[in-house]
Structures are given as C-alpha cells and as structure tokens.
Amino acid sequence: MGVGKSCLLLQFTDKRFQPVHDLTIGVEFGARMITIDGKQIKLQIWDTAGQESFRSITRSYYRGAAGALLVYDITRRDTFNHLTTWLEDARQHSSSNMVIMLIGNKSDLEARREVKKEEGEAFAREHGLIFMETSAKTAANVEEAFINTAKEIYEKIQEGVFDINNEANGIKIGPQHSPASGGAGGSRPRQQADSGGCC
Amino acid sequence: MQRRGWLGGPKPPKNPHSLEHLRYLHHVLTKNHTITENNKSLIVEALRSMSEILIWGDQNDSSVFEFYLEKNMFLFFLNILQQNSGNYVCVQLLQTLNILFENLQHETSLYYLLSNNHVNDVICHKFDFSDEEVMAYYISFLKTLSLRLNEHTIHFFYNEHTDDFALYTEGIKFFNHSETMVRIAVRTLTLNVYKVNDHAMLRFIQDKTAAPYFSNLVWFIAEHVRQVDACVRANVNHQQSDRLRDIVAEHLDHLHYLNDIVTLENNMLNKVLIDHLLHRLFFPLYVRSLADGAPGDDNEKPLVNSVTALFLLSQVFLIIHHETLVHQLAEVIFTKNLESLFITSPIEHKELLQQPESLEKLLSSRKLRKKTKNKKRPNFRNLGSDEEIEIKSSPEPDAEALPVGVSSEFFQRQLSIAASQTASSGSSLEASLGSISPESHLDRPFLDTIYSALNCTENDYTAIFALCLLYAMLQNKGISCELKRIVQLGMGEEEKRNESYCHWLIERLLRIISKAVKPDSKIRLATLRLTVILLKKLGMKNGECVLPEHHLTCVEQSRNESMQNLQKCLQEEEMFLDIFEDEYRTFMNKPFNVEYLMMDSSLLLPPTVTPLTGIEFTKRLPCGPTEQIRRSIGVFLALRDVSLTFCKEVETQLPLTREQDCIQTDDKLDLNNSDLIACTVVGKDSKNRRFLVVDLYQLILVEPDNKRLGWGVVKFSGFLQDVEVSSDPDDSRTLHVTIHKPSGTRRVPMLAANFVFDDHIRCMAAKQRLTKGRMRARHLKTRRIAVLLGVSPDAHDDPFSSSYLLNSGYQAPRSQFRAFAEPQVLRTDAQRPGVALNQRDLSRTPTARVHPLLKRPGHAASRVSPVKSGGRIGNLGLPLLSSPSRASSSCSSSSDEKPTSSDGDVIEVSAEVPDESRESTPKPEIVVESNPEVTSVEVVTSSEDSRSDDNEEVNAKMVPDDVAVEVTQNETETETSRSASINEIARE
C-alpha cells in the first residue's frame, strides 16, 4: 500500500472525482491549469511510482522537475523514517533550486496517526522544506499543497533563480496567447510527486 | 435547450457508484455514437465517470464489471478513437484508460480488459503527438501498461504468432523525444519489458528490435559525448557551465540506464547491447581518444579530447559493474594499443559518425519485410542478422547525411588509415599478441595516458580524472583480480613488469602528495584527497600496511612539511582557530564521495582560482591568503589521516571539542558554588528569565530545576569562542550578545539577544566574564592545535606559552561540570621511519590530560546526587531558587530522579590543575565537609589568584551514606598538567 501519492495527484488534477470513502483511486500523471499572480500556469505532475528499483529512472526524474512533493503517510512511521534517504537522493540529483514540499498524507485517519504533526514540521524546518498535512480522502489541503509548491517555483522564476530558457529545469515558457495581462505568457513548471517509501 | 430534450431517456442516477450509473453511461454512449462539437463535453464526462464507476465496481461490486463485459463497452473507446474526435476527447480517453489500468485490483478484471487485442489497437492509434498534452498522456498510458507486465500479462501484448509487440515497438520510437519526461517514461517502459522473464518475447526483442534500438541509443550517446567535448573546448573561460552540466548529467543518465539494463542479467539482450556498447562507443570513441598525442599515431586524431575521455571512462567504471562489459573494457585499456584495438574492434570513424536510420523507419521496414519474407522463411534469427548487416552496410560516404563539422579531409585521413590498417593487419596481429607481454610501456598507450596524466606537470587538470579512473577500476567488482593486479601492488610474487607499474603508481601518488604540500602548489584539495584514498587502497591490505619503508618515510615527510607550513600561519592568522575547526568539520562531515565528485561537470574545465565561478573550494585553487591557509589545513588533515591509517592509530586529538563532552540543552547541572548571574534574555519574540553560567568552553543559560535545589536545567548552550558581546550605549544594564553557529562559511547566529541584568555591576561582571571566557576558550583550543602541529609549548616566542598566558590574565582551565578534554590515551610512540622521535612526541603530546569521569548512564558524579538540604547560593549571592514552594517541591520529588550511584561503585573525579602553577602552586587543599546527608568534596587550589574565578572549584557531591573518601594525587602522569583525582568508594 502506498502513501497515497497517486490519489493526491488525481484529487488535484481532476476535481470531478468526489472523494468517497469506499473508493481508492489514483493516477500517475495529470496536468492542470492554475492561475498565479494573474498568469496562467500549466502544471504537469508525474508520479514516480513503481520505478524505485531502477536507479536511472528516479535519478532522471529529479533532474527534470522544477518541484517535488515528498509524501509520507502519517499512519505509518516507516514511511516517515525513509524521508531522509529520499530527500538526500533528491538533493543529490536535482538542481539546488528544486522546490521540495513535504506532505504528511492521510490526515483524515487521526485515530491511526503514528507521526505527530510537530514531527513533520520539525523535519521540514530542519531541511528547509515547506510542510503540509493533507488528505486525499477529504481533499483537505490538496489544492494548497500543489498550488503552494507552484507559487514557490513561480517566485523563484521571478527572482531569476531558474533559467526559464533551459528546459532541463522542468520549466517551459508557454505560447504567447495567454489570457493573462500581456508579456510572459504561461510558464509550465513540472512537478513530481515522490514517495516517502512505498512497499 | 435542444440537448436536454434530445438526451431524454433515463436521467443520471443519484448514486454515481452503482450499476445503474453504468447502465446510464451505456445509454449515453449508445445514443451519442457520433461525436460532434455539441456532445463533446458529454462524452468526456461519460468517459470520466466510466473510469470512476469501473474502479468502484472492481473494489465493491462485481456485477458492474460483468455488465461492462456483457455490453463489450471497450468498443465505445475504439469507436471514439476512430472518429478522430480531437485532442480534448483523446486526452480524457487516455486518462480513463490510465486510471483503469492503474487501479484495477482484480486480475480477472484486468485480463478481461486486456483481451481481444483492443488495448493494442489503442497503442497503435496515430494520436496527434504534436500536442504535448496528448503526448504526455499517451506515454503515461504506455508506462502504466508496462508496470502491469509479468509472465502472465505479457501474452496480451506480445503476440508470438504475428510477432507483434506494439507496446514496446511504439514506445521506443520516442526514446529520443525532446521532452525529458517522455524519455524517462520510455526508459521505464523498456526496463519493465526487459524485466519480464518470457523467452519468446525476449527472443523477439533480441532479434527484431535490439539491434536497431541499441544502435540508435549508442549513436545518441556518442552524440552527447561529442557535445560534451565541444562544450569543454568552447568553455575554457567557465562561461555557460549550465549547458555543460546538463549534458554531463544526461550522459550519466544514459550510463545508469545502461547499467540498469545489464544488471537485469538478461543474457540474450546483454550480448547485443554489450557488443554495441563496446564496439560502437567505448572502444572506438572513449578508449581511442585516450591515446591522444601518444607516440606512433601522429596522423590519428581521436574524436574527443583525452581529458574528456578520462572523465567519461571514470564515469563508466564508477557506474557499471557488469563483469563481461567492464572486464573487456579494462582489458583493452590495460593491454592493448591502437593497432591491436583496431583488430579487436574494426570500426571506422566515419561509420561511427553515421547516424543509424531512425527507429521508426527501421521498425516499420522490419514489418514490411516480415510481410514478404515471413511466410517463406519464418526464422527469426536470420531475419535479425539481416538487419544487422543492413545497419552496418548502410553508411555510404554520403556527405550530406553526416553531422556538420566533418570535413572531407577527415575522410581522406580515415581512408588512408583504413588502408594502412589493412596492409599491416598481419603484423599488428602479432603486435597485439605481443602486447600481452610487453617489454616496454610504449605498447600500452592507453595505460600510459593514464599514468602520464598523474605527472601533474602544469596542474592537476588531467590528474584528477586519471586518479578517478584508477580508483573506479580498482573498486569495480566486475574486473578480475588478475587484471587489477596490473596496476595494483601484488600481494605475492609479482612479475617484474607488473611490479614496476605499481611501484610507478605509488611513486606517482607520493609525488602528487609532496607537490600538494608545497605552498604554491597547483594541486587542488579534491585531487589530494583522491590521491590519499587511492594510496590507502593500495597501501593497506587486510588492515596491514604493505608500503615499503621508504614510501612510508615519504608520507611522513610530507605530513611534517604540512605541519611546518601551518606553524607559521598559526601565529599570524587571527582566525586560524575558526578556519581550522571549520575545515575539520567539512573534512569529517562530508566524506569524500568519488561518484559525487565525478558528477560535477565543472571539473571538466581547466582548474580555476576564482570563487566567482561558484565552484566548490576543494575543486579549485585557493584565492587569497585566507583560503591558502584553509587549503594548507585541508592538506594537513588529509595527510594526518593517511599517516594515522598506515600506523594503525586511532585519532585521539581531534576534534578539539567533542560533542559528547559539551553541555547540551536539557542537561541538568549542579550549580552549587558556581558563579551565576541572573538576567533576562530578550530575543526577537521571547523574553525569559535565565541564569548565565560561563563554563570552560561554553556559555550556558539555565533555569532553576524545580526538582532539586541548587540545580539548573540547561535552556541554551553555545560556544564561548563564537560569542560576540557589546554593551548597550543607552542602557548600562544591557548587553548585546550574539553567538554564531559553528557551521562554517555562513555565519548564522544561533542566538542573538539582549541580556538585561539587575544592575550595572552585574552587567559589567557578565561582560567581563564573557570576554575573558571567550579569550580563554580560544587560547585553550589554539594551544591544542599548536600541540597538534608540533609547536613546542616551551618555545620562547610561542604566544601560547604559559608565561604569555599568565601575563594576559589567562586562567588555566578547570572543568566545572565534566571533564572536557578528551581521554588521552598514553601512546607508545611507534617507531616510524623518517620521523625524529622528538617531533613525534611534540605532535602527539596531549595538552590537557584529564581523567574522564567514570560515567554510567545519566550518572556523571556531579549530576546525580540529590540535594536535600537547603539551597546553596551562587558566588554572587544570587539565590538559585526564588520561590520557597519550588524549593519544597524539590525536596519531595526525588522519586523521578535517575538512580544514583549504587553500592560499591567507584567514582573517579578528576580535576585539572593548571600547568603554569606547576612550580608555585601548593598542593591542593582538600576540604571534606561532612554533612549528614551530603558529603561534599572540594578541591581548592590556593594559587595566588584565589579570587575565585568561576571555574576554580570542582565539586563532587556524594550520595548520602558515603563515608569514606580517598583522595589521591597523581603528579607523575603528564608534564603539562597535574591531575588530582579523587577516588570515592561508596559504601553502605
């Protein structure tokens, strides 16, 4: 059983799937338009699921993405314990600019909670990540998690940290016919949903 | 309006998760057989709902899936596709399929969905791949399917009779797509396919697709390599290093991918892949390029720079450990020369530069041919070899097809080489056989390139890669020991030629080290550390040093030289302590990782000095005198490390302060008789009442312990050496205190606060104590470095000699709470070659020798004894406990305390006596207070300075019932310090 990455992803990219308790459903890829600062931005989100055994694949994913969501399951401590390894891997293989958000998923299962919110916060503080607890089941914070990551990426683009002409960063300038107030057009940060240990 | 009436029929049921809902969807799709602009959204919504209801059914109600099959609803999907209904609908269709194939849990549901070849029809459908969204959903669809492949499901995708495997053949067409994520998905797909253990399918892959796919793959890797090289040539000034970084990372991705394939141990596939890799990439491009400038091949120009080749080969050997592959590669590098290489792998350059036909073409031509030939001769093997011939013979000298930059001159050269090669093929065969037992090094131009790179004639630009390559080869599990022995120091009897090589290698390494020690050396720290790693690898066998005496002497000489270099700086550079500790921290915390080092593309550019390039310090040369010192420290630490390893000694003098000796937050301290100053610590958004304690090395803020009178709980501790303190010009009771994190380059304050005292006097006392404490802590530590560097403590001009310290008001250290200095192991000085005994003594003599407290868990003598009698008062007369209620609570709550010393335990408390008082200090007075409940032993040194500095006293409190106290004094143990140790025997 996973930590719920693909469910988060589906919940974010296709809101028409109403979360219900007798249905577990997810997807490995999704795209969605959002608006930040009056600019249309298309997010492409790729799930790394099932590729853990191939080093070449996880490695390349990190490099191709502008942001990553590092997800653990608050009802399973082992997924939290694996975070360090995942983070180290991500940091080693990505550019230092990659925005990483830490997500404690399944916050609806309060009764089975094994990882305290404070622990997640402390881990995030220690490693300079943004932190949020979400629930793909109730859709709590799902929107915020992805949009905040995108905002962070957007800010970095504004600051000139990302070279937007280099597509290897996972960012691409969209066509010019953006409905947003003239100029830059929509950029397309690519994100990657990453697992805090699936087994 | 019209729509609603037209739709008519059943309305969508209230519950979207029910069989009725699927019935309703069936109705909608039947009614809307033709897709128009008007019903588009309806169709999309129906497709979306379909995935939802089917997954719900799979998880909750089997009748749902039965209905789906009964009505053969997959046909709706195909119908929609055939109508070319536009990307909007296609995207939803693909996403619906993605959701279905990802979430179905029941195998039977999955099998039903896969049967009838419908999925293969979707795979083969010509979507509009120019729409990047369609592309992304399509490739995710293929990837999702590949994740469901296993021995059972493979037959739904691979059709043995028609020899079709659309999932794979359609997928690999995108292997070089411009989008990174698409390329990654294709790689994932291929790996998932190769993983399935199905003979017929793998045979198909090998015979029909391996050659085209791998030849394309290899060609694109070669293209990348040429781009890397071009980038290096164009980038001498370190501009556009981003581009270089990206293509180097891309090359690494390729190597990891190749490694993932070969480690699947799929023999059929590996044979083809390894053949392509060796003969079309590694031999003709990587290895050949090594021989750049080697004698005897003037008219031969390799395709890439030899530096680039060294770099690429080290990456190969670091990443790929597959025996067949790396062994052959290593063998060629070690034993062959250009001529014999050509015989092993007769591939022309122009052939290499020729791009293979595109996969799409190759794969479709296969299909055509299959149609014509298959009936007559259904022998897959023959077909496969046909293709291989086709690829090899296809490159005609067609100038237009060649990449730009290949001149006709190049061709001529190639042709002449080819001619000469054929002419001399007879003799070169002999030569190649002879090269296995060569008389001179000239027969091994590739190995010679590696060795001559170690010379570091101008700088270490190429040396670092040569070292890496040698390291990677020695480390590689796939290379046999016999082969490694060519470069390794043999354990047993070695033939002379081999031994000369390894002697040669070790001597080269030692030469690099001795060059690195020189003040103006052009050797970067990274190179030195790599050299040291390699030297350790060659010099240590089964935990024993196998280096001959004269080599060991060289190591020691270099170490001494690096110590002497630093001795000067120690006196001149004010920041020395900080730089030293910082460098030590980086040395320890960042273990040198060769694989990470080789990921850094900036190494490919000539070594630079300026930090403006953003290149890490260890990977460039020092800029300015401070960095020069930092570098010298780095050299010293590396050499000290290798010297200790060869002598099999354990580091005992570093770090200067060990973490476990420091007082941590939440520690409980016995502060009876300590100097405490009450103050209010006003931070950014906090305001706390605290007591300030100045220890030997640390500034500590405590809060009274409400369980034990006279004790305090540590709320903050920071190093005095990092304290900055200044008075507030407007408020005489306030000090600005900043303590920086000891984390190196970035000075991050771990505490920046105002300390507000009760009055001006206390404020001034605190300031004085902090300032003095800082100075003392820094002196103490600097003196330890001096000892480490072999500076004589008695030397007259030594600023840290005892007289200097006395005059500067320096107070010798006394540990207040715990023994701070590390337990010094008396070292029997091993007789080491080339080192004068007195030098060794100096460098290894511990400054402060203090017996460690005999600790049990939670049981430092000063931290455990419960105090039940009235509160003791600090030296400044400040009561530790202000509220009587707290005091009383402390008396009653001894139950949660950790167990105190139990019967028969021996607790040894040591106190260091300052060395400057060696001659003048009278014997310490031992005051034993007898108290019904507390036995307090105080060692008071009555030196001339008895105004009770805060560390003047060492308290050791006993649990009640301790009666006998034995005091011994140990005068003989060290020359620099005297220890008074108190052995206390607890008895009933």
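Each chain gets a letter, A, B and so on, in the order its sequence line appears, and its residues count up from 1.
Judged purely by atom type and a 3.5 angstrom limit, B/Tyr596 has no side-chain atom pairing as donor or acceptor with the backbone of A/Gln92. A donor-acceptor contact shorter than 3.5 Å is absent between the side chain of B/Gln95 and the backbone of A/Gly30.
Residue contact with chain A, scored on non-hydrogen atoms closer than 4.5 Å, is absent for B/Gln105. For B/Gln59, the part lying near chain A is the side chain, with the backbone staying farther off; criterion is any non-hydrogen pair under 4.5 Å. Using a 4.5 Å cut-off between heavy atoms, B/Asn60 touches chain A through its side chain atoms alone. Heavy atoms of A/Arg63 lying under 4.5 Å from chain B belong exclusively to its side chain.
Rounding to the nearest 0.5 Å gives a distance of 9.5 Å between CZ of A/Phe54 and CD1 of B/Ile261. We find the NZ-CD distance between B/Lys143 and A/Glu28 to be 4.5 Å, quoted to the nearest 0.5 Å. A distance of 6.0 Å separates CD1 in B/Ile184 from OH in A/Tyr61, rounded to the nearest 0.5 Å. Atom OG of B/Ser51 is separated from atom CD1 of A/Ile25 by 5.5 Å, given to the nearest 0.5 angstrom.
Highest contact tally toward chain A, considering only B/Ile139, B/Asp58, B/Leu252, is held by B/Leu252 [criterion: heavy-atom pairs under 4.5 Å]. In terms of non-hydrogen atom pairs under 4.5 Å with chain A, the most contact-rich of B/Asp242, B/Val91, B/Leu264, B/Asn103 is B/Asn103.
A/Ser56 and B/Leu191 make their closest contact through OG-CD1, 4.0 Å (heavy atoms, listed as atom of the first residue, atom of the second, distance). Heavy atoms only, all atoms of each residue included: A/Ala31 and B/Tyr137 are closest at N-OH, 3.2 Å. Nearest approach of A/Ser60 to B/Arg187, heavy atoms of both residues: OG-NH1, 3.6 Å. Considering all non-hydrogen atoms of both residues, B/Asp260 and A/Arg55 come closest at OD2-N, 3.2 Å.
In the displayed structure, A/Lys151 atom NZ is contacted under 6.0 Å by at most 12 heavy atoms of other residues, nucleotides or ligands. In the displayed structure, A/Arg112 atom CZ is contacted under 6.0 Å by at most 12 heavy atoms of other residues, nucleotides or ligands.
A heavy-atom distance below 4.5 Å is found between the side chains of B/Arg48 and A/Phe17. Inter-residue side-chain proximity for A/Arg16 and B/Glu52 is flagged as unmet; no heavy-atom pair is nearer than 4.5 Å.
A salt bridge does not link A/Lys5 to B/Glu102: none of the charged nitrogens lies less than 4.0 Å from a carboxylate oxygen. The pair A/Arg59-B/Asp253 meets the salt-bridge criterion, with a side-chain N (NZ, NE, NH1 or NH2) lying under 4.0 Å from an Asp/Glu carboxylate O. Residues A/Lys172 and B/Glu132 are paired through a salt bridge, judged by an N-O separation under 4.0 Å between the basic side chain and the carboxylate.
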